[in-house]
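Keep in mind that the numbers below use all heavy atoms, side chains included, and drop hydrogens, waters and symmetry copies.
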Amino acid sequence: MVHRTTQAWDCFIAYPGGQRAFAEELANMLSGRLRVFFDRRSLQPGDNWAKAIVSALESTYVTIVIVSPETDRAYYEQEEIQRALARARGSDPTRRVVPIFVGGTTPDDADIPYGLRLKQGFTVGSSQELSTLADKIAGLVEEIRDRVALEEDGEEPRQLSAPIREHLATLKIVVDRLTHDQYRVINQLRYMHRVRISGSAGSGKTLVGVEKAIRIARAGARVLFLCHNPLLSEHVQQLTAGAGVNVRDFAEWVNDLAGVVCGPNGREWTHYDEPVQATLAHAFEALASDALRYDAIIVDEGQDFREEWWTLVEAALADAKRGSLYLFHDNNQSLLAHRSSYPVSEPHVDMSRNCRNAGRVLDLMRCFDSSAPEVEFELRSH
């Protein structure tokens, strides 16, 4: 475990002398959000610089390595790179090395320092690209901080994962933190492996499901997110981009397992066809392969899943006893009355507050469902 009390720096910038201006530009972009070790600023008068640099490298979450044609001749940067790689070689997810390739250097060049090409790197050629990368690094550090806070405090972080924040930002929506009710549910789910979560439209079920999926995937588990509506599947794919979550609508997932090729309209909601029994049977047979099964499955729109579908969903768990199954539903939105039968009856968590809709949208929703919750106080002006 990494203790925040001994964590001096969020990131360390290693660079060759010829890229000092570039390194300083990056430090400027990060300094307002992170604790950045940049030798020209961070070393104090009288410091033993060799010891100070080693100490900073040992107490940082992310080592940023600027790789340029000068790196091959930069003795001290080479030392910093090897020390950073050695720290990141273990299983500790809070220790990262991020290469940035500049000056015409690419990850495929023969003289890239040994071990560095194995790390996901970025080629940067403009200030705009550097600014975008700085945002990604800040998001990575925030996720690491959250992980450390979880290990030390025993509670889930309130901040939404970076992929969700980044996607919402493209829609000009600024939502950084879970609401009180969403946070309550996220904390409860930490101690449950099979649970049913209900809530009306606007209660934030999908957002909680997506956030939980990202957090489980971040911990190294294989995660499948299933829903009924192909359009919702596409939306969740955008929310989880880069997080390692497999997001599918149920029909698409079953058809892929069974080897069924859909026509050009197969992904359109207006042409939605549910899989027939023979297709379900072929999909079930395919799940004999461990490679197609998951450590955790999250189902949204559970009210629209047929009873016989649940057998296939549960068969997709790699461990039937210890695998996680989180089932989100709203019976008031069920498309067909004969559905709303679930493989999990208890425990049951209810999301009783409205976390998404407000104003006229909420008024309209309540015309159709009088039990719909009141909007969260902080969203009343939206």
Taking every heavy atom of Lys119 against every heavy atom of Val97, the minimum-distance pair comes out as CB-O, 3.7 Å
Rounded to the nearest 0.5 angstrom, the CD1-CD1 distance for Ile13 and Ile66 is 6.0 Å
Is the shortest heavy-atom distance from the side chain of Thr71 to the side chain of Thr105 under 4.5 Å?
no
Between His167 and His235, does the ring centroid distance fall short of 6.0 Å?
yes
Ala251 and Pro275 have their tightest heavy-atom pair at CB-CD, 4.0 Å
Starting from the C-alpha separation in whole Å, work towards a yes-or-no answer on side-chain hydrogen bond (donor to acceptor under 3.5 Å, both in side chains) for Gln303 and His228.
CA-CA 9 Å; Gln303 71 277 356; His228 188 263; over 6 Å; no
Smallest heavy-atom separation, Ser233 atom then Glu252 atom, equals OG-OE1, 4.4 Å
Please report the shortest heavy-atom distance between Tyr342 and Gly302, naming the atom on each side.
CE2-O, 3.4 Å
Could you tell me how the ring of His348 sits relative to the ring of His329: parallel (under 30°), tilted (30 to 60°) or perpendicular (over 60°)?
parallel
Any chance you could measure Ser161, atom OG, to Glu211, atom CD, to the nearest 0.5 Å?
3.5 Å
With Glu129 via salt bridge (charged side-chain N to carboxylate O under 4.0 Å, His left out) - residues at least two apart:
none
Just wondering, more than 12 heavy atoms not from Tyr183 lying within 6.0 Å of its OH?
yes
Distance check, rounded to the nearest 0.5 Å: Glu142 atom CD versus Ile137 atom CD1?
12.0 Å
Test log, rule side-chain contact (heavy atoms from CB on, under 4.5 Å), inputs Leu257 and Trp253
CA-CA 6 Å; Leu257 286 174; Trp253 176 61; 3.5 Å; yes
Using the rule side chain to side chain contact (heavy atoms under 4.5 Å, CB included), only one of Val67, Leu133, Val65 pairs with Ile100; which is it?
Leu133
Verify whether one side chain among Thr170 and Glu166 offers a donor that lies under 3.5 Å from an acceptor in the other.
no
Distance check, rounded to the nearest 0.5 Å: Glu301 atom CD versus Asp330 atom CG?
10.5 Å
Check whether any side-chain heavy atom of Val54 sits under 4.5 Å from a side-chain heavy atom of Lys51, and report yes or no.
no
For Ser68 versus Pro16, what's the shortest heavy-atom pair and its separation?
OG-CG, 3.4 Å
Under the side chain to side chain contact (heavy atoms under 4.5 Å, CB included) test against Phe328, which residue among Ile298, Val195, Val349, Val299 passes?
Ile298
Interatomic distance, CG@Asp319 vs NE2@His193, rounded to 0.5 Å, equals 10.0 Å
Salt-bridge present (Arg33, Asp135; N to O < 4.0 Å)
yes
Contact between Trp49 and Asp39 at the side-chain level, heavy atoms closer than 4.5 Å - yes or no?
no
Please state whether the rings of Tyr15 and Phe38 are parallel, tilted or perpendicular, taking 30° and 60° as the class boundaries.
tilted
Tell me, do Phe250 and Asp304 make a side-chain contact under 4.5 Å, heavy atoms counted?
no
Where the side chain of Arg117 meets the backbone of Pro107, is there a donor-acceptor pair that is under 3.5 Å apart?
yes
Do the side chains of Glu24 and Arg41 get close enough for a salt bridge, i.e. N-O under 4.0 angstrom?
yes
Mind telling me whether Phe305 and Trp310 have parallel, tilted or perpendicular rings, with 30° and 60° as the class edges?
parallel
All pairs passing salt bridge (Lys or Arg N to Asp or Glu O under 4.0 Å) where residues 63-84 contributes a residue, at least two apart:
Glu58-Arg83
Within the structure provided, determine whether Gln82 and Leu85 are in side-chain contact (heavy-atom separation under 4.5 Å).
yes
Ser42 OG to Asp47 CG distance, which is reported to the nearest 0.5 Å
10.0 Å
Determine whether a donor-acceptor pair (N or O, by modelled atom type, separation under 3.5 Å) exists between the side chain of Asp109 and the backbone of Ile112.
no
Decide yes or no for Val208 and Ile197: does some side-chain heavy atom of the first lie under 4.5 Å from some side-chain heavy atom of the second?
no
Note: Ile214 and Leu239 closest approach over all heavy atoms is CD1-O, 3.9 Å
Looking at Lys205 and Ser200, would you say the former's side chain and the latter's main chain have a donor-acceptor pair under 3.5 Å?
yes
Is it the case that atom CZ in Phe122 sees more than 12 heavy atoms from other parts of the structure closer than 6.0 Å?
yes
